[in-house]
Amino acid sequence: MVEIRSPDDETYEKFPFYAGRNVTEIPVVERGVGRVELHRLRGTQYLLIADDAQGWVRSQLDLEFRWDGALRTMCVRRSGDVGPGEPLR
């Protein structure tokens with residue numbers, strides 16, 4: 001599951017709903033500002049996971065996500081890979 005933010009949407013207001021269904025991680029793509037956030041469930045709340053120096057955030061699902069400004073899309077790769085990742089369209 002990936003949340004795509006739009007102006008004035010309710011992405012973050014949905015987090016309690018997801019927590020109640022035990023969704024362990026939520027990637028949030030903010031296209032307008034070129035950012036991918038990863039939120040991880042801890043107890044009943046989500047914590048924002050910091051990205052690394054290259055902009056990748058690591059999921060517990062053995063995946064990494066980052067925003068590719070040139071492609072204007074989110075890219076994904078397996079954790080530990082060194083390539084640019086695959087763009088998600």
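The cluster map of Ile, Leu, Val, Met, Phe, Trp and Tyr, joined by side-chain heavy atoms under 4.5 Å apart, puts Ile49 and Val76 in the same cluster. Using a 4.5 Å cut-off between side-chain heavy atoms of Ile, Leu, Val, Met, Phe, Trp and Tyr, with links allowed through other members, Ile26 and Tyr12 fall into the same hydrophobic cluster. In the hydrophobic clustering of this structure, Ile4 does not group with Met1; members are Ile, Leu, Val, Met, Phe, Trp, Tyr whose side-chain heavy atoms approach within less than 4.5 Å, directly or through other members. In this structure, Val2 is a member of the same hydrophobic cluster as Leu38, with clusters built from ILVMFWY side-chain heavy atoms closer than 4.5 Å.
Applying the side chain to side chain contact (heavy atoms under 4.5 Å, CB included) test to Glu10 and every residue at least two apart in sequence or in another chain returns Glu13. By the side-chain hydrogen bond (donor to acceptor under 3.5 Å, both in side chains) test, Asp9 is found to be paired with Arg5, Thr11, residues two or more places apart in sequence or in another chain being considered.
Residue pairs satisfying the side-chain hydrogen bond (donor to acceptor under 3.5 Å, both in side chains) criterion with at least one member in residues 39-49, sequence neighbours excluded, are listed as follows: Glu25-Arg40, Glu37-His39.
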Would you mind writing out the side-chain donor-acceptor pairs for residues 60-67 within the sub-3.5 Å range, not counting sequence neighbours?
from  : atom 1 : to    : atom 2 : distance (Å)
Glu64 : OE1    : Arg77 : NE     : 2.6
Glu64 : OE1    : Arg77 : NH2    : 2.9
Glu64 : OE2    : Arg58 : NE     : 3.1
Glu64 : OE2    : Arg58 : NH2    : 2.7

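Side-chain contacts under 4.5 Å among hydrophobic residues (ILVMFWY), followed directly or transitively, place Leu47 with no other residue at all. Hydrophobic cluster of Trp56: no remaining members, since no ILVMFWY side chain lies below 4.5 Å from it.
A distance of 10.0 Å separates OG in Ser6 from CD in Glu30, rounded to the nearest 0.5 Å. Atom-to-atom distance recorded for Leu88:CG and Leu71:CG is 11.0 Å, nearest 0.5 angstrom.
Contact record, Ser59 with Ser79: O-OG, 4.4 Å, taken as the closest heavy-atom pair. Closest heavy-atom contact between Cys75 and Pro87: SG-CA, 3.9 Å.
Residues Asn22 and Leu41 are in side-chain contact: their nearest non-hydrogen atoms beyond the backbone lie under 4.5 Å apart.
Using bins of under 30°, 30° to 60° and over 60° for the plane-to-plane angle, the ring pair Tyr18/Phe15 lands in the tilted bin.
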